[in-house]
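Here the structure is laid out as structure tokens; the discussion comes afterwards.
Each chain gets a letter, A, B and so on, in the order the sequences are listed, and its residues count up from 1.
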Protein chains: 2
Amino acid sequence: MPDSHTTNLSRDAVLRERAARVIPGGLWGHLNAAKLPAGYPQYYSRAEGCRLWDVDGREVVDFMSSWGPIVLGHHDPVVEEAARRQAQLGDCMNGPAPVLVELAERLVASIPHAEWCLLAKNGTDATTACVTIARAATRRRKVLVARGSYHGAVPWCSPSTAGVTAEDRAHLVFYDYNDVASVRAAAEAAKCDLAGILVTAFRHDMSRTLDLPDPAFARALRAICDETGAALILDDVRAGFRLHLGGSWETVGVRPDLAAYSKAIANGHPLAAVTGAEWLRRAATEVFTTGSFWCGAVPMAAALATLEELQRIDGPARMRAMGQRLRDGFAAGAERHGLRIIQSGPPQMPLLQFAGDADFRLGEAFCAAALAAGAYFHPRHNMFLNCAHDAAAVDRGLEAAEEGFAAVARLSG
Amino acid sequence: MPDSHTTNLSRDAVLRERAARVIPGGLWGHLNAAKLPAGYPQYYSRAEGCRLWDVDGREVVDFMSSWGPIVLGHHDPVVEEAARRQAQLGDCMNGPAPVLVELAERLVASIPHAEWCLLAKNGTDATTACVTIARAATRRRKVLVARGSYHGAVPWCSPSTAGVTAEDRAHLVFYDYNDVASVRAAAEAAKCDLAGILVTAFRHDMSRTLDLPDPAFARALRAICDETGAALILDDVRAGFRLHLGGSWETVGVRPDLAAYSKAIANGHPLAAVTGAEWLRRAATEVFTTGSFWCGAVPMAAALATLEELQRIDGPARMRAMGQRLRDGFAAGAERHGLRIIQSGPPQMPLLQFAGDADFRLGEAFCAAALAAGAYFHPRHNMFLNCAHDAAAVDRGLEAAEEGFAAVARLSG
């Protein structure tokens, strides 16, 4: 192997080479750029609003928002001022700061189904707590889960089965998203051992066209839970606070018994939350859920500021409008190039696919060309608008997308 | 219930009253002050060095260090400057910042068994990843765990069984800490399905006298793993970086195959880590482990600064010396009052118990009186020194302890 110091490797390549020695696979998890088209950077030096700079100084308009956490934009001044002020007082102490109570009161006041909340650090903490609380409250074991849905990265729900035992998933029963008959069949299979039904806010499985929840499907889940005494658990980790500040299923008029949030809750500061209905409060007390940093006050102050700011500016509506502008621009660009595209998902969390592109060859060519022209899109995973995307930023993204469409047209032509 | 606004409740009591409505049990987890003697505050307004101020303005010298995370002291200027500098650039982005590579290289360089590392947010993330990686690498299922050891707060290891199914713990086999025969028996019970042995750095079970690891016990675990091809997993979440910067079992000369760290790694910023031996690298790549904030650069910058600073000042030696000063002072104080005490644990993480005090009545009286006199001790859980404890701070703690011993003497007299 040539010594990187004597070659013309990019800074990104040098860092990847060093990381390959000390981190398995170069990087854990969903942010590993090895899964992205060639040319995507792995390391970043700076972020501001909806813009990112990689370690080689290339600037992009970013449409992934760190895969969800960034909802107001990087370095939002209101959030950072709140975080800074709390940090000057104290963060990780022998107990929480008063901001915990303010945040908990705000979550309970603004999320209609919520009578109480718990805080945590990871989305997986929140989904795991929901499942455990549902089991503790019902003294039953079976949990219905949609085939292919992502609920976290621990053995009971990980997309990888490496190191997972059969027992880790012994009490999951699977159904198909938006398919009421399959849910009824799964509930019947669970018999009188049905503890809960777990469902994502919409179907956002990687590498699939996104599906919004059919309101009849959502109502059927609610009805089955009401009939059986099971808990309806909304996994709102990915979508929460982008679609609706009261929880994403306010958009279909169905209220869960438990909901899991993380990602957007504190504009990038590490925090997760569980909200629950009154009948689950006692079980939430019995389940032991904790972590060394879960009373950290800075992410709570950031969350409180994030939620207030999202409400003040009507963040979901703003992201919806800018997402629609992006979507309209994609449609116009595809049409100019004679390309058939599939656009799916809520406008705040859109996915662009090319018709007949089962292997994502076209999607990857689009993304690689757009990246080179200054916009960061994703070919397989829903993207994320944030409130720092204004019309000018979306339009810069669309200019870069034009290079993407041209590249796809050349490949398809 | 009287309206709190018209009564003379303390600020702490008002916050607890509000929290009781929106948080099950008032607070989740280990920082719930309901488990502490009367008089202990729940809410904190400020922290500095080794001092805490509760929301009613009472100042204490703190000997819990947030239950471990605070290792250099609150607002350590070196750590906070590193965190601030990284925050100005970017924290939670589409990928990591270069500081990830620097931190990973440092962990691998300073921890002798480590050939690679992963980062996460919670100690539980790290212990869960270790167990899963051991299973993936060995394609076996059984994990040996010491009876009563705490390894986290999810169903496979939680101290509560609410919401836990039998299957969550189907592949755990129990042994007794420091009891080699019990480990051999557990390993034999696991037969050829032994994936790993999980062990804490020392026995630090809540409400028990602490036990340091018998070096012969540690060597026996290493030998059993070597004989069977299982992974020796050191849960160094609680003790890591307080006893030794190369991992706590450097003190007994035994190197694990996998180790889990969190708490002290970044002086209160949320971070956890797994380190592993070469033979486990491929399995660590196959196991999918991730979280929305796991590439956040600010806690990594804080960790790098924390580890450098701990090395520069020889933090473990400093905490050991101050812990010994505290212990000597406790011994002298108890003797002055004619009290028989039991002191256990490494000096950096001491526990003080009173002889014959099975129900902790004396320990709680000691703590309550010491708290009123300005020192925060814990009656049942190991305490934590940090590097902001200087001789003056320890001596202030001992002055307060004098009130505690006097209270115990009155009770025992």
Most contact-rich option vs chain B, by heavy-atom pairs under 4.5 angstrom, among A/Ser45, A/Ala134, A/Pro41, A/Ala170, is A/Ser45
Ranked by heavy-atom pairs below 4.5 Å to chain B, first place among A/Glu167, A/Glu102, A/Arg135, A/His171 goes to A/Glu167
Applying a strict 4.5 Å limit to non-hydrogen atoms, the region of B/Thr161 in contact with chain A is neither
When every non-hydrogen atom of A/Phe293 is compared with those of B/Ser262, the smallest separation belongs to CE1-OG, 3.4 Å
From the list B/Val164, B/Val298, B/Leu15, the residue making the most non-hydrogen contacts under 4.5 Å with chain A is B/Leu15
Scored by heavy-atom pairs under 4.5 Å with chain A, the best of B/Val108, B/Thr128, B/Ile23, B/Asn32 is B/Ile23
For this session: Could you check A/Met93 against B/His74 for side-chain contact (heavy atoms from CB on, under 4.5 Å), going step by step and ending with a plain yes or no?
Result: CA-CA 9 Å; A/Met93 303 185 280; B/His74 290 277; 4.1 Å; yes
Chain A shares the most heavy-atom pairs under 4.5 Å, among B/Ala19, B/Ala47, B/Pro96, B/Pro69, with B/Pro96
Interface check, chain B: of A/Leu89, A/Thr132, A/Asn94, most non-hydrogen pairs under 4.5 Å belong to A/Asn94
Any side-chain to backbone donor/acceptor pair from B/Ser66 onto A/Cys92? Under 3.5 Å, distance only. yes
To the nearest 0.5 Å, atom NZ of A/Lys121 lies from atom OG1 of B/Thr124 at 13.5 Å
The interface call for A/Leu52 against chain B, heavy-atom contacts under 4.5 Å, is side chain
In this structure, CD of B/Gln88 is separated from CD of A/Glu48 (nearest 0.5 Å) by 10.5 Å
By residue number, those in residues 271-283 of chain A with heavy atoms under 4.5 Å from heavy atoms of chain B are A/Leu271, A/Arg281
So, the part of B/His30 with a heavy atom under 4.5 Å from chain A: the answer is both
Chain A shares the most heavy-atom pairs under 4.5 Å, among B/Ala195, B/Pro159, B/Ala120, with B/Pro159
When every non-hydrogen atom of A/Pro24 is compared with those of B/Thr285, the smallest separation belongs to CB-OG1, 3.4 Å
- request: Kindly say whether A/Ala87 contributes a backbone atom to a donor-acceptor pair with the side chain of B/His75 at under 3.5 angstrom?
  value: yes
Donor + acceptor pair across side chains of B/Trp294, A/Asn122 (<3.5 Å):
yes
Greatest number of non-hydrogen atom pairs under 4.5 angstrom with chain A, of B/Gly291, B/Cys117, B/Ala104, B/Ser158, falls to B/Cys117
Bottom line for B/Pro155: the part with an atom under 4.5 Å from chain A's heavy atoms is side chain
If one checks every heavy atom of A/Ala20 against chain B at 4.5 Å, the contacting part turns out to be backbone
CH2 of A/Trp28 to CG of B/Leu118, rounded to nearest 0.5 Å, is 7.0 Å
So, the part of A/Glu80 with a heavy atom under 4.5 Å from chain B: the answer is neither
Most heavy-atom pairs under 4.5 Å with chain A, out of B/His269, B/Arg169, B/Arg18, belong to B/Arg18
Whatever's closer than 4.5 Å to a heavy atom in chain A on B/Arg11 counts as side chain
Scored by heavy-atom pairs under 4.5 Å with chain B, the best of A/Ala97, A/Pro299, A/Ala284 is A/Ala97
For A/Val101 and B/Tyr43 the tightest heavy-atom approach is CG2-OH, 3.4 Å
Here the gap from B/Asp193 atom CG to A/Thr165 atom OG1, rounded to the nearest 0.5 Å, amounts to 10.0 Å
The interface call for A/Asp125 against chain B, heavy-atom contacts under 4.5 Å, is side chain
> Is there side-chain contact between A/Leu27 and B/Leu100, with at least one heavy-atom pair below 4.5 Å?
Replying inline: yes
Residues at least two apart in sequence or cross-chain that pass side chain to side chain contact (heavy atoms under 4.5 Å, CB included) with B/Ala162, listed by chain then number, are A/Ala136, A/Glu286, A/Val287, B/Ser160
The interface call for A/Tyr376 against chain B, heavy-atom contacts under 4.5 Å, is side chain
Scored by heavy-atom pairs under 4.5 Å with chain B, the best of A/Trp116, A/Tyr40, A/Tyr44 is A/Tyr44
Okay, A/Glu115 and chain B: the region with an atom under 4.5 Å from a heavy atom over there is backbone
Here the gap from B/Ser292 atom OG to A/Ile265 atom CD1, rounded to the nearest 0.5 Å, amounts to 11.5 Å
Answer key: most heavy-atom pairs under 4.5 Å with chain B among A/Gly268, A/Ala297, A/Gly25, A/Gly90 is A/Gly268
